[in-house]
Amino acid sequence: MAAGHSDTFHHVRDFPHFELPWGFHLEIPSIFGFQISKFMLLQLVAVTIIFFIFRGLAKRAAGGQVVTGRWWNFWESLVIFMRDEVVRPTIGVGHDDDHGHHEEQKVGHPADKYLPFVLSCFFYVLICNLLGMLPWLGSATGELNVTIALAFTTFCAVVFCGTKEQGFIGFWLSLVPSMDLPLFMKIILLPMLWVIEFAGFIIKHAVLAIRLFANIMAGHTVIAVFLGFIAMTADSGLWAIVMPASVFGQLFIGLLELFVAFLQAYVFAFLATLFIGTAVHPH
């Protein structure tokens, strides 16, 4: 947490309070000595929003009923898009499923069992991003600790899914692709390649955290810089020019932030899907 307003990135850091206009702070109480922070509370708000949205959507889709209403159709369309354009084509059916489970595919797709996790990632990141668009709130996904936790959860899901499909030893051995090499070359090269692939496996999940954090934090920082120009020129004749230009620039960046909120949620979910697909179908 930042200690004060002298911090350049004060506006994107976590605090035990919400900052309100004219310098007012809405303090967040601690529970049994454990201090609740703003981003912790916003993550609970995001989970609550997701619960009520999809509880309502599930009721309306129960029994194969057609979902009606623009609000519900909007969320249903996102679910269908993620299922049909991301999860199913990215993970695929696998070699064994392609030849042996045609009857099962009539009522579902083999990749659908990974859909709950991917949808959870997508909508959780999306709602957290959108909460940052509201005044005096913030994007929990603009905090590195939050994105590290999300990336670690994805890492655990990838290892779990890969282990379930291939076995514990088989999953970790599959990091290195099979190669038709003489025995003496395998003895030398395969351990080296495994270390490199293992490092890459860790790094790509770390990048998953840094990518989301950097994109969300950068957008909020740019907005703060534009608005900061107004304060910097408040006592000069340039204020009349800088103020409307900064407000217009902030509105433009705000619209771009709205696009980025959806884009980064999609990118995070797509990469999680890609990592799972690689783990369960290493070939």
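Hydrogens, waters and symmetry mates are skipped; everything else that's a heavy atom, side chains included, is used. This one's a predicted model, so the numbers in the text were calculated from it and none came from an experiment. Along the sequence shown, residues carry numbers from 1.
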Spell out, yes or no, whether [X] and [Y] are grouped together once hydrophobic residues are joined by side-chain heavy atoms under 4.5 Å, including indirect joins.
X: Leu126; Y: Trp71; answer: yes
X: Ile202; Y: Leu208; answer: yes
X: Phe122; Y: Phe259; answer: yes
X: Val195; Y: Ile188; answer: no
X: Leu255; Y: Leu137; answer: no

Residues 41-64, side-chain donor-acceptor partners within the protein, below 3.5 Å, at least two apart:
from, atom 1, to, atom 2, distance (Å)
Gln43, OE1, Tyr124, OH, 2.5
Gln43, NE2, Phe39, O, 3.3
Thr48, OG1, Leu44, O, 2.8
Arg60, NH1, Gly56, O, 3.0

- Could you please spell out the steps behind the side chain to side chain contact (heavy atoms under 4.5 Å, CB included) verdict for Thr141 and Gln264? CA-CA 10 Å; Thr141 44; Gln264 291 305 315; over 6 Å; no
Quick one: [atom1] on [X] to [atom2] on [Y], what's the gap to the nearest 0.5 Å?
X: Asn215; Y: Asn129; atom1: CG; atom2: CG; value: 9.5 Å
X: Asn145; Y: Thr147; atom1: CG; atom2: OG1; value: 7.5 Å
X: Ser30; Y: Phe32; atom1: OG; atom2: CZ; value: 10.0 Å
X: Ser37; Y: Glu143; atom1: OG; atom2: CD; value: 8.0 Å
X: Leu190; Y: Leu173; atom1: CG; atom2: CG; value: 9.5 Å
X: Leu26; Y: Lys38; atom1: CG; atom2: NZ; value: 11.5 Å

- Any donor and acceptor pair, going by atom type alone, linking the side chain of Gln35 with main-chain N or O of Ile28 inside 3.5 Å?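 Present.
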- Is the backbone N or O of Thr163 less than 3.5 Å from a side-chain atom of Trp172, with the two atoms forming a donor-acceptor pair by type?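 It does not hold such a pair.
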Beyond-backbone contact of [X] with [Y], side-chain heavy atoms, under 4.5 angstrom:
X: Ile80; Y: Arg83; result: yes
X: Val79; Y: Trp75; result: no
X: Phe117; Y: Phe160; result: no
X: Val158; Y: His205; result: yes

I need the minimum non-hydrogen distance between [X] and [Y], along with the two atoms involved.
X: His281; Y: Ile91; value: CD2-O, 3.0 Å
X: Leu175; Y: Glu197; value: O-CG, 3.4 Å
X: Leu258; Y: Met133; value: N-CE, 3.7 Å
X: Cys161; Y: Val280; value: O-CG1, 3.7 Å

- Task: Not counting sequence neighbours, which residues clear side chain to side chain contact (heavy atoms under 4.5 Å, CB included) with Glu85? List them please.
- Result: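 Applying side chain to side chain contact (heavy atoms under 4.5 Å, CB included) to Glu85 gives Phe81.
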- Could you tell me which residues satisfy side chain to side chain contact (heavy atoms under 4.5 Å, CB included) with Ser174, sequence neighbours excluded, listed by chain and number?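 With neighbours one apart ignored, the set is Gln166, Phe171, Pro282.
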- Query: Would Ile31 and Ile36 satisfy side chain to side chain contact (heavy atoms under 4.5 Å, CB included), going step by step from the backbone distance to the final call?
  - Reply: CA-CA 7 Å; Ile31 300 178; Ile36 304 298; 4.1 Å; yes
- Go through the steps for Val159 and Phe201 under the test side chain to side chain contact (heavy atoms under 4.5 Å, CB included), then give the verdict. CA-CA 10 Å; Val159 173; Phe201 183 72; 4.1 Å; yes
- Item | Mutual orientation of the aromatic rings belonging to Phe74 and Phe262 [parallel < 30°, tilted 30-60°, perpendicular > 60°] |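 Geometry flag for Phe262 against Phe74: perpendicular rings.
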- Task: Please say whether more than 12 non-hydrogen atoms of neighbouring residues, nucleotides or ligands are located less than 6.0 Å from CZ in Arg211.
- Result: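 No, because the 6.0 Å sphere around CZ of Arg211 holds 12 heavy atoms or fewer from other groups.
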- Atom CZ of Phe168 with >12 non-hydrogen neighbours under 6.0 angstrom: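 For Phe168, atom CZ is not crowded (no more than 12 foreign heavy atoms under 6.0 Å).
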- Query: Is the closest basic N to carboxylate O distance between Arg88 and Asp112 below 4.0 Å?
  - Reply: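 Result for this pair is yes, salt bridge flagged.
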Indicate every side-chain donor-acceptor pair of residues 265-277 with a distance under 3.5 Å to a residue at least two apart or in another chain.
from, atom 1, to, atom 2, distance (Å)
Thr273, OG1, Ala269, O, 2.7

Result block: side-chain N/O donor-acceptor pairs under 3.5 angstrom for residues 148-156, not counting sequence neighbours:
from, atom 1, to, atom 2, distance (Å)
Thr153, OG1, Ala149, O, 2.8
Thr154, OG1, Leu150, O, 3.0

- Partners meeting salt bridge (charged side-chain N to carboxylate O under 4.0 Å, His left out) with Glu165 (sequence neighbours left out):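 Lys113.
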